[in-house]
Q: 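Just passing along the structure, written as structure tokens.
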Amino acid sequence: MSQFALFGQRRFAPFFWTQALAAFNDNAFRNALLVLVAFQLGLDDHAASLYTNFAPALFILPFFLFSASAGQLAERFEKTRIIRWVKLFEILAMAVAAAGFITHHAMLLLVVLFMMGLHSTVFGPIKYAILPQALKPAELVGGNGLVEMGTQLAILLGMIAGTTSMGVARAGPWLAAGITLAVAVIGYLSCRAIPPAPATAPELKINWNPFGETARVLRITHANRAVWNAVLGISWFWFFGTVLIAQLPIYTRETLGGDNTVYTLVLTLFTIGSGVGALACEKLSGRRVEIGLVPLGAFGLTAFGVDLYFARHSAAPVRGLDWLDFLRGAGSWRIVLDLTLIGAFAGLYVVPLFAFVQARAPREKLSRIIAGNNIMNAVLIVAAAGFGLGLGALGLDAVQIFLAAALLNVLVAAYIFTLVPEFILRFITWLLTRTLYRVRADGLQRVPEEGAALLVCNHVSYVDPLLLMANLRRPARFVMYYRIFNVPLLKSLFRMAKAIPIAGQKEDPAVLQQAYDAIDAALADGELVCIFPEGALTRDGAVAPFRPGVEKILARRPVPVLPMALRGLWGSMWSRRDSALGRARLPRRFRARVELVVDAPLPPERVSAATLEARVRELRGELA
């Protein structure tokens with residue numbers, strides 16, 4: 001089922017429109033406020049600057065103060081009920097905003113700005129924690145992609161609506177008030193159709209101390225190293241995006257020589273790119289949480305951020321160009337491509353990270369972890385503002401600040417990927433398997449989402465673990481021959497993958513015993529362990545006799561066993577027969593059609609080496 005089919009599902013569509021309308025209103029109100037303050041209140045430059053710089057700080061303050069409490073509420077109570085109260089609060093805020101717009105009461109509108117920050121603070125933990133409850137695991141990436149796409153488009157449309165409505169002569173305040181109030185009401189009506197989402201920690205005791213609970217939420221978020229570093233990656237995305245968006249008006253005017261239509265074009269390109277990248281995640285990931293896309297996204301942010309600098313880094317010789325004149329100018333299409341691809345790679349970067357946090361975080365703590373993520377996002381957004389102001393004070397112009405952020409992205413990404421090597425490992429796996437093979441998987445839903453299980457598979461080529469790793473939705477520990485594990489250049493990669501080296505009894509009994517101990521410890525921790533019971537690559541394409549090691553593993557730790565079979569690999573690259581292939585078979589060698597079949601789990605008491613071998617033989621078969 002395509003991710004777009006979710007729009008026909010009640011468990012997703014009402015929530016999608018509720019969150020999109022919230023993002024629209026948020027930005028429509030803020031931009032209408034900025035236009036009112038900057039152009040219609042008759043303030044001098046100093047007073048207008050004070051308001052416009054104070055406004056973002058006022059909006060983000062609730063994220064620091066109330067995110068931890070919002071995370072607790074989302075765990076303790078049924079989420080749909082909270083959403084309805086939040087949307088009623090939004091209607092109240094927009095009613096106050098309408099009065100502020102019409103009476104030109106700037107202080108009243110600043111109060112509303114704080115209220116909208118509080119609205120976003122409470123809604124945030126629910127927004128991402130509700131998706132794993134509503135969607136199946138195979139839908140998680142696609143659902144997150146749709147939410148990210150919808151959010152980006154809603155932000156753009158909200159910015160345009162707020163700016164243009166308030167700019168209408170004489171009727172602007174009335175128009176802005178009507179739009180924001182109407183959208184708030186529609187958002188409430190939409191949320192009424194969201195199905196119930198039960199509390200994940202109904203016994204949780206609420207701690208109303210914002211400072212103590214913030215520290216506690218950050219400790220919970222930090223508890224899982226991989227999740228914490230995914231949170232850091234998401235927060236870095238907000239840093240990078242904040243730097244980019246903050247500099248776009250100056251970049252448009254000073255470097256591109258454009259007017260407000262060019263600024264709108266630039267925002268549109270970035271938004272469309274983000275939406276395309278977010279939607280592409282499902283296709284590129286094979287409908288699973290594929291964090292291998294994150295390094296690809298990070299690379300694209302740097303590559304096209306640097307190219308944006310080289311595309312044009314001097315002051316524009318002509319000012320006031322509209323969007324058509326800009327597009328006719330020399331080199332403009334390179335800038336268009338860079339901006340669009342920065343957005344696209346941003347989508348590839350952030351969507352898998354959100355899905356990863358949702359998939360890996362304990363369900364009963366997910367809302368609080370999302371709250372911790374929101375706190376870190378707020379910290380990085382403030383840091384991004386300081387970064388831009390600091391570099392500007394040093395004399396750097398907008399395009400130079402873009403370059404600095406793109407280069408800094410290399411250091412930050414390297415730091416995160418060093419702390420969690422799984423990101424790079426998944427990227428290598430994703431790249432190799434999709435370059436060299438065309439894989440179709442059947443029965444992946446039979447792999448348990450949590451808990452220990454033993455996976456057994458036939459062994460055809462040296463890349464079997466990579467193919468399995470690239471298609472399984474959960475990480476697995478692979479048992480491999482110790483001599484291959486110790487190959488100098490590859491040993492660090494195998495350690496990164498947490499592979500378990502094993503040897504024969506006659507070769508090295510100590511290594512064999514260590515392997516059994518490591519397998520048992522992994523299963524005791526609830527991990528997946530994958531073994532190839534043949535003990536070596538097939539020499540003729542057929543399944544070789546299974547060795548009794550699987551029985552020893554299950555005697556020590558009885559866990560469910562999933563038989564699996566790889567089809568179509570014999571004769572492909574890195575199988576034993578690949579060196580005999582002639583010139584006419586090269587396309588098959590490099591783009592072999594491969595199928596992975598996963599059978600239903602077997603209870604350990606029904607498993608023996610002979611029964612597993614027979615079952616894998618039944619599953620195995622070359623593609624027609």
Q: Atom CD of Glu75 and atom NZ of Lys365: how far apart are they, to the nearest 0.5 Å?
A: 9.5 Å
Q: Does Glu605 CD have over 12 foreign heavy atoms under 6.0 Å away?
A: yes
Q: Please examine the side chains of Leu146 and Leu6, heavy atoms only from C-beta on, and report whether any two atoms are closer than 4.5 Å.
A: yes
Q: Does Arg440 use its side chain to pair, donor to acceptor, with the backbone of Val594 at less than 3.5 Å?
A: no
Q: Pairing donors with acceptors under 3.5 angstrom, does anything connect the side chains of Asp517 and Gln513?
A: yes
Q: Tyr128 and ring-ring contact (aromatic ring centres under 6.0 Å, His included): which partner among Phe123, Phe356, Phe15, Phe354?
A: Phe354
Q: So, the side chain of Tyr349 versus the backbone of Gly233: is there a donor-acceptor pair under 3.5 Å, distance only?
A: yes
Q: Just do the side chain to side chain contact (heavy atoms under 4.5 Å, CB included) check on Ile553 and Tyr516 with the steps written out, would you?
A: CA-CA 7 Å; Ile553 293 170; Tyr516 281 132; 3.9 Å; yes
Q: Minimum heavy-atom separation for Val357 and Ala230, please, with both atom names.
A: CG2-CB, 3.7 Å
Q: Show every donor-acceptor pair shorter than 3.5 Å between a side-chain atom in residues 518-533 and any protein atom, with sequence neighbours excluded, or say none if there are none.
A:
from	atom 1	to	atom 2	distance (Å)
Asp520	OD1	Arg557	NE	3.0
Asp520	OD2	Arg557	NH2	3.1
Glu527	OE2	Arg477	NH1	3.4

Q: Under a 3.5 Å distance rule, please check whether Arg76 uses its side chain to pair with a backbone N or O of Pro202 as donor and acceptor.
A: yes
Q: What are the two closest non-hydrogen atoms of Phe63 and Ile375, and how far apart are they?
A: O-CG1, 3.8 Å
Q: Mind listing the closest non-hydrogen atom pair of Asn458 and Ala565 along with its distance?
A: OD1-CA, 3.2 Å
Q: Looking only at heavy atoms, what is the nearest atom pair of Ile484 and Met480, with distance?
A: CG2-CE, 3.6 Å
Q: Around Trp238, counting heavy atoms of other residues, nucleotides and ligands shown, do more than 12 lie under 6.0 Å from its CH2?
A: no
Q: Just verifying a value: how many Å separate Arg606 CZ and Arg615 CZ, rounded to the nearest 0.5 Å?
A: 10.5 Å
Q: Look at atom CZ of Arg10 and say whether more than 12 heavy atoms of other residues, nucleotides or ligands are closer to it than 6.0 Å.
A: yes
Q: Is there a donor-acceptor pair closer than 3.5 Å between any side-chain N or O of Glu534 and the backbone N or O of Ala544?
A: yes
Q: Judged by atom type as modelled, is there a donor-acceptor pair below 3.5 Å linking the side chain of Gln9 to the main-chain atoms of Phe12?
A: no
Q: For Thr121 versus Phe66, what's the shortest heavy-atom pair and its separation?
A: CG2-C, 3.6 Å
Q: Compare all side-chain heavy atoms of Pro352 with those of Val141 and state whether any distance is below 4.5 angstrom.
A: no
Q: State the CG-CZ distance between Asp442 and Arg567, to the nearest 0.5 angstrom.
A: 7.5 Å
Q: Would you sort out whether Leu512 and Asp508 count as a side chain to side chain contact (heavy atoms under 4.5 Å, CB included), showing the intermediate values?
A: CA-CA 6 Å; Leu512 177 61; Asp508 196 325; over 6 Å; no
Q: Does Ala610 offer a backbone N or O that forms a donor-acceptor pair with the side chain of Glu613 under 3.5 Å?
A: no
Q: Evaluate the side-chain proximity of Val598 to Val447: yes if any heavy-atom separation is below 4.5 Å, no if none is.
A: yes
Q: Could you check whether any side-chain N or O of Asp464 sits under 3.5 Å from a backbone N or O of Val460, counting only pairs where one atom can act as donor and the other as acceptor?
A: yes
Q: Between Glu551 (side chain only) and Ala609 (backbone N and O only), is there a donor and an acceptor less than 3.5 Å apart?
A: yes
Q: Quick one: do Arg11 and Leu135 satisfy side chain to side chain contact (heavy atoms under 4.5 Å, CB included)? Show the steps, please.
A: CA-CA 8 Å; Arg11 56 195 170 93; Leu135 302 180; 3.8 Å; yes
Q: Looking at side-chain heavy atoms only, is the closest gap between Ile234 and Met376 below 4.5 Å?
A: no
Q: For Tyr482 and Gln514, run side chain to side chain donor-acceptor pair (under 3.5 Å): C-alpha distance rounded to whole Å, both residues' side-chain angles, the deciding distance at 0.1 Å, then the answer.
A: CA-CA 11 Å; Tyr482 79 112; Gln514 290 170 4; over 6 Å; no
Q: For Arg495, I'd like to know if atom CZ has over 12 heavy atoms of other residues, nucleotides or ligands within 6.0 Å.
A: no
Q: Check whether any side-chain heavy atom of Leu467 sits under 4.5 Å from a side-chain heavy atom of Leu569, and report yes or no.
A: yes
Q: Which atom names give the shortest non-hydrogen contact between Leu140 and Ala355, and what distance separates them?
A: CD2-O, 3.9 Å
Q: At what distance, to the nearest 0.5 angstrom, does CG of Leu232 lie from OG1 of Thr221?
A: 10.0 Å
Q: Are Thr151 and Gln19 linked by a side-chain donor-acceptor pair shorter than 3.5 Å?
A: yes
Q: Do Leu554 and Leu454 have side-chain heavy atoms sitting under 4.5 Å apart?
A: yes
Q: Taking atom types as modelled and ignoring hydrogens, do the side chains of Ser67 and Asn374 form a donor-acceptor contact shorter than 3.5 angstrom?
A: no
Q: For Ser608, is there any backbone N or O sitting under 3.5 Å from a side-chain donor or acceptor partner on Thr611?
A: yes
Q: Just checking, is any N or O donor in the side chain of Asn207 or Gln72 under 3.5 Å from an acceptor N or O on the other one?
A: no
Q: Kindly indicate whether the side chain of Asp599, heavy atoms from C-beta on, has any atom under 4.5 Å from the side chain of Val616.
A: no
Q: Quick one: side-chain hydrogen bond (donor to acceptor under 3.5 Å, both in side chains) partners of Gln133, sequence neighbours excluded?
A: Lys79
Q: Could you give me the CA-CA distance, side-chain angles and deciding distance for Ile194 and Thr18, then say whether side chain to side chain contact (heavy atoms under 4.5 Å, CB included) is met?
A: CA-CA 9 Å; Ile194 300 175; Thr18 299; 3.8 Å; yes
Q: How long is the straight-line distance from CG of Leu366 back to CD1 of Ile126, given to the nearest 0.5 Å?
A: 12.0 Å
Q: Drop me the distance from Ser274's OG to Phe237's CZ, to the nearest 0.5 angstrom.
A: 6.0 Å
Q: Would Glu213 and Arg368 satisfy salt bridge (Lys or Arg N to Asp or Glu O under 4.0 Å), going step by step from the backbone distance to the final call?
A: CA-CA 10 Å; Glu213 188 59 26; Arg368 282 172 286 174; 5.3 Å; no
Q: Could you tell me whether the side chain of Val456 reaches within less than 4.5 Å of the side chain of Val550, counting heavy atoms only?
A: yes
Q: Are there more than 12 heavy atoms of other residues, nucleotides or ligands under 6.0 Å from atom CZ of Phe299?
A: no
